[in-house]
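One structure is given here, and the rest of the page talks about it.
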Amino acid sequence: VTTRAIKYMLYGMRNQLFWDGNKRTSLISANKILIQNGKGILMVQDKHLKEFSQLLTQYYDTNQSEKIEEFLYNHCIFGIDE
């Protein structure tokens with residue numbers, strides 16, 4: 001479920017599904033998936049914002065999502081203990 005939510009969020013951000021607010025809307029959608037399944041929430045903290053932006057730009061340019069997926073999974077999922 002967590003991987004699916006992250007992949008959906010990145011897909012929505014990169015493919016610009018909406019006129020405006022693609023990052024916000026995609027993050028909200030990912031959080032709906034996570035919350036609905038009891039998997040916490042996804043949130044990029046201020047201390048990780050620069051690295052997230054760099055990885056997101058790299059993903060936009062290459063369509064290679066492995067690095068940003070790993071980053072999000074390791075640093076941006078909160079509310080569950082695994």
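What you see is a predicted model, and the numbers here were worked out from it, not measured in a lab.
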Between Ile28 and Leu49, is there a shared hydrophobic cluster once you connect ILVMFWY residues whose side-chain heavy atoms come closer than 4.5 Å? no
In chain order, what residues pass the side-chain contact (heavy atoms from CB on, under 4.5 Å) check against Lys32, with sequence neighbours excluded? Gln36
CG of Leu17 to OG of Ser29: how many Å apart, nearest 0.5 Å? 9.0 Å
Interatomic spacing from CD1 in Ile33 to NZ in Lys7 - rounded to 0.5 Å: 13.0 Å
Test item: Asn37 and Thr2 side chains (from C-beta on) under 4.5 Å apart, heavy atoms: no
Note, Asp61 side chain near Gln58 side chain (heavy atom, < 4.5 Å): no
Test of ring centre spacing under 6.0 Å for His48 and Phe52: no
Heavy-atom check, side chain of Leu72 versus side chain of Met9, under 4.5 Å: yes
If I compare all heavy atoms of Gly40 with all of Leu34, which pair ends up nearest, and what's the gap? O-CB, 3.3 Å
Can you tell me how far apart CG (Leu42) and CZ (Phe78) are? Round to the nearest 0.5 Å. 8.5 Å
Mind checking whether Val44 and Tyr73 sit in one hydrophobic cluster, side chains of I, L, V, M, F, W, Y counted as touching below 4.5 Å? yes
Name all residues meeting the side-chain hydrogen bond (donor to acceptor under 3.5 Å, both in side chains) criterion together with Gln16; count only those two or more places apart in sequence or in a different chain, and write none if there are none. Asn22
Hydrophobic clustering (ILVMFWY, side-chain heavy atoms < 4.5 Å, transitive) - are Ile6 and Tyr60 grouped together? yes
What closest approach, in Å, do Lys23 and Met13 show between heavy atoms, and which atom pair accounts for it? O-CE, 3.7 Å
Find the distance between OG (Ser26) and CZ (Phe18) and round it off to the nearest 0.5 Å. 6.0 Å
Please report the interatomic distance CD(Gln45) to CD(Glu51), rounded to the nearest 0.5 Å. 12.5 Å
Going from CD1 on Ile68 to OH on Tyr59, what distance comes out if it is rounded to the nearest 0.5 angstrom? 8.5 Å
Given the options Glu70, Glu69, Gln64, Glu66 meets side-chain contact (heavy atoms from CB on, under 4.5 Å) only with Gln64
